[in-house]
> 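Sharing a structure here in structure tokens format.
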Protein chains: 2
Amino acid sequence: MTTIKDVAKLAGVSISTASYALNDSPKVSKKTKERILRAGKELNYYPNGNARNLKNRKTGNVGVFIYEFAGPIFSDVLDGIHKRLQESGLNIIVSSGTSSVNLLLERQVDAAVIFDDRLEDVNILHYGEMGYPVFVLDRNLKGKNIYSSKIDNESLVKDFIQKKIKEGYSDFGYLSGPLDSYNNNHRFIGFKQALESEGIKDFQYFQGNFTIHGGFDVGVEIAESKDRPSFVFCANDESAIGLIQGLKSKGISIPGDVAVAGFDNITLCDYIDPTLTTIGIDHYSWGKRVAESIIAILKKKKPVDVYNPIGSIIQRESC
Amino acid sequence: MTTIKDVAKLAGVSISTASYALNDSPKVSKKTKERILRAGKELNYYPNGNARNLKNRKTGNVGVFIYEFAGPIFSDVLDGIHKRLQESGLNIIVSSGTSSVNLLLERQVDAAVIFDDRLEDVNILHYGEMGYPVFVLDRNLKGKNIYSSKIDNESLVKDFIQKKIKEGYSDFGYLSGPLDSYNNNHRFIGFKQALESEGIKDFQYFQGNFTIHGGFDVGVEIAESKDRPSFVFCANDESAIGLIQGLKSKGISIPGDVAVAGFDNITLCDYIDPTLTTIGIDHYSWGKRVAESIIAILKKKKPVDVYNPIGSIIQRESC
DNA sequence: TTGAAAGCGCTAACAT
DNA sequence: ATGTTAGCGCTTTCAA
């Protein structure tokens with residue numbers, strides 16, 4: 001493997017001069033710099049990142065740790081983060097599962113974005129304690145160097161449901177996500193607040209799991225029930241889409257018999273029949289803003305205000 | 001920052017003994033090992049990955065370099081790769097754009113999977129030359145340590161179109177992807193082979209770009225044409241979905257007036273109306289198999305047979 | 001069973 | 001403008 005030593009030897013200079021030249025330092029004369037760079041080209045030299053990172057005490061890598069690679073939401077956030085980091089010459093490293101923990105704790109990244117319910121608090125806290133900035137998305141966590149950016153689930157859902165109540169709906173159902181999901185639980189709070197504020201005491205509760213399949217089963221269950229709600233708010237779009245399919249499979253018409261809404265605004269919303277009304281988050285922009293903050297912290301070495309993503313109602317046919 | 005030195009000091013042993021203990025070497029006695037591990041816990045010690053990687057001349061990381069983070073195909077391949085690597089204790093590092101090149105050439109990964117048309121051959125070749133194994137997906141590239149795994153586009157498309165010809169279609173169109181796309185070009189070859197083998201001389205050619213939007217425009221164009229093909233084969237599902245929407249927007253019925261098929265079997269195929277007949281690749285399994293091969297190469301230090309993914313016709317309503 | 005010391009490839013302070 | 005050298009944090013050979 002070619003090292004800086006080989007380059008220095010071929011160019012007939014010392015290692016340090018080679019290093020200066022390769023890092024484009026003004027200290028070295030134009031002539032020798034050229035000679036060194038030519039030697040580097042000739043030997044196909046590239047610096048060993050591990051050695052550089054060790055010496056520099058920084059890697060130039062930003063880690064983004066997600067729950068899984070599938071999923072429309074992650075993709076959009078990732079594309080946003082990636083775009084912004086690339087403009088600033090930082091590398092993006094996306095990982096998941098146990099890899100995430102390894103890369104974090106072994107300090108192979110200079111900063112991290114956590115978008116993964118399963119990654120344990122203790123690891124995030126420890127990484128922050130070591131002096132590295134971390135952004136946690138959709139998660140409540142406080143600690144040294146920890147920044148939390150979250151969707152304002154309560155207000156968004158509350159406003160939306162209040163609007164639907166004013167449109168005349170009164171007989172609601174809530175299709176829940178997993179009970180340990182931050183987003184689900186806060187959306188549920190907003191849902192209940194809306195009913196309460198409008199004096200509606202009762203609603204039906206359905207347990208789902210954020211998946212199309214889980215939503216389908218609930219759809220069938222509701223279709224066969226004698227006491228169907230006239231409006232089901234679903235904690236995310238995927239379960240709403242499953243719900244619609246379950247209802248349709250039993251001949252229920254939407255929104256006539258049962259109105260449905262979701263949360264997230266994934267691509268599928270536009271393709272299902274009827275198209276799905278939902279609360280949309282601009283995930284791409286969210287990613288860009290988070291990356292923006294990380295860059296600022298890394299460059300200026302000082303804390304920064306967090307940006308919380310903005311949501312809006314995307315009115316379609318399903319309610 | 002806590003280093004191995006701090007742990008050694010607290011445990012009252014030398015650095016080397018600490019290192020042995022932390023790496024669970026049998027050389028060190030049970031009593032001292034315990035003491036060292038306890039010291040490590042107390043100090044919240046984690047090894048510095050860059051230092052370890054430098055010394056070991058390996059990182060335990062496998063890089064997967066993709067064209068973009070959005071896209072249903074990448075997600076499934078990634079999930080497959082991730083699952084298998086995690087079982088083997090290897091870290092997955094996913095990246096894109098200039099980051100990919102940096103991570104590769106700086107040797108921050110022990111092996112790589114390239115699923116990105118834009119990543120230049122020269123960088124891949126150089127990485128292979130340095131002794132690292134690389135899997136290139138859907139790409140023709142030969143070189144040291146380079147393994148190429150690809151969909152058998154020609155046969156799949158040829159068989160499919162021949163089948164459709166036997167079902168009675170004869171008036172075909174081809175909706176192309178970008179002209180520099182490996183997959184598009186090989187699918188086109190298979191398409192032409194099928195027509196030729198069945199004695200069909202003519203077909204219409206439409207230029208698309210693999211996107212829904214691009215497909216839509218062609219759909220409108222075809223709808224307004226006087227000489228509509230009765231069957232349009234699209235080089236991927238997204239353009240097929242756009243095509244369907246474009247045709248429908250002008251009142252063309254599918255498959256009655258124009259039959260449509262795609263390639264990939266993305267989730268949306270099941271949600272569009274009519275549902276889309278396509279050629280499906282099991283991307284998740286593909287990812288697992290590729291990871292399997294990488295693990296074998298890394299462990300056994302010797303070449304391995306490449307696995308090419310299997311495809312099959314997914315018959316739905318659109319043709 | 002434990003410790004001393006060299007060295008992985010690089011950067012940068014310091015000396016020339 | 002260029003060279004010498006220490007050292008980043010770790011592993012491992014060699015000696016005790």
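Chain naming here is simple, since letters A, B, ... match the order of the sequence lines and numbering starts at 1 in each.
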> For C:dA4, does the base pair up with any side-chain atom of B:S16 as donor and acceptor (N or O, under 3.5 Å, distance only)?
yes

> Between C:dA4 atom C1' and B:K5 atom NZ, what is the distance in whole Å?
13 Å

> Checking side-chain polar atoms at under 3.5 Å, does B:D282 have a donor or acceptor matched by the opposite partner on B:S285?
yes

> Looking at B:F65, B:Y67, B:F135, B:W286, which one forms a ring pair (Phe, Tyr, Trp, His ring centres under 6.0 Å) with B:F115?
B:W286

> Students often get this wrong, so: under 4.0 angstrom with heavy atoms, is B:T3 touching a base, only sugar-phosphate, or nothing?
sugar-phosphate

> Is there a residue in residues 50-60 of chain A whose heavy atoms reach under 4.0 Å of DNA chain C, and which residues are they?
A:A51, A:R52, A:K55, A:N56

> Calculate the interatomic distance between B:I36 atom CD1 and D:dC10 atom C1'; express it in whole Å.
15 Å

> Between the axis at one end of the helix from C:dT1-D:dA16 to C:dT16-D:dA1 and the axis at the other (five pairs apiece), what's the angle to 10 degrees?
40°

> Ignoring hydrogens and angles, are the base of D:dT2 and the side chain of A:S14 linked by a donor-acceptor pair under 3.5 Å?
no

> A:R107 CZ to D:dC8 C1': how many Å, rounded?
12 Å

> Quick one: which of A:D117, A:N153, A:N236, A:D264 gives a side chain to side chain donor-acceptor pair (under 3.5 Å) with A:N183?
A:N153

> Is there a donor-acceptor contact under 3.5 Å linking the side chains of B:Q108 and A:N61?
yes

> Just verifying a value: how many Å separate B:D76 CG and B:I81 CD1, rounded to the nearest 0.5 Å?
11.0 Å

> Distance check needed: C:dT16 P versus A:K27 NZ, whole Å only.
15 Å

> Would the number of heavy atoms belonging to other residues, nucleotides or ligands and lying under 6.0 Å from CD of B:E87 be above 12?
yes

> Send over the distance from A:I15 CD1 to C:dA13 C1', rounded to a whole Å.
16 Å

> Between B:N209 and B:T211, does any side-chain donor sit less than 3.5 Å from a side-chain acceptor?
yes

> For atom NZ of B:K144, decide whether the heavy atoms of other residues, nucleotides or ligands shown that lie under 6.0 angstrom number more than 12.
yes

> About how many Å separate OH of B:Y127 and CG of B:L105, when rounded to the nearest 0.5 Å?
9.5 Å

> Can you find a donor-acceptor pair, distance only, under 3.5 Å between B:Y20 side chain and D:dT13 base?
yes

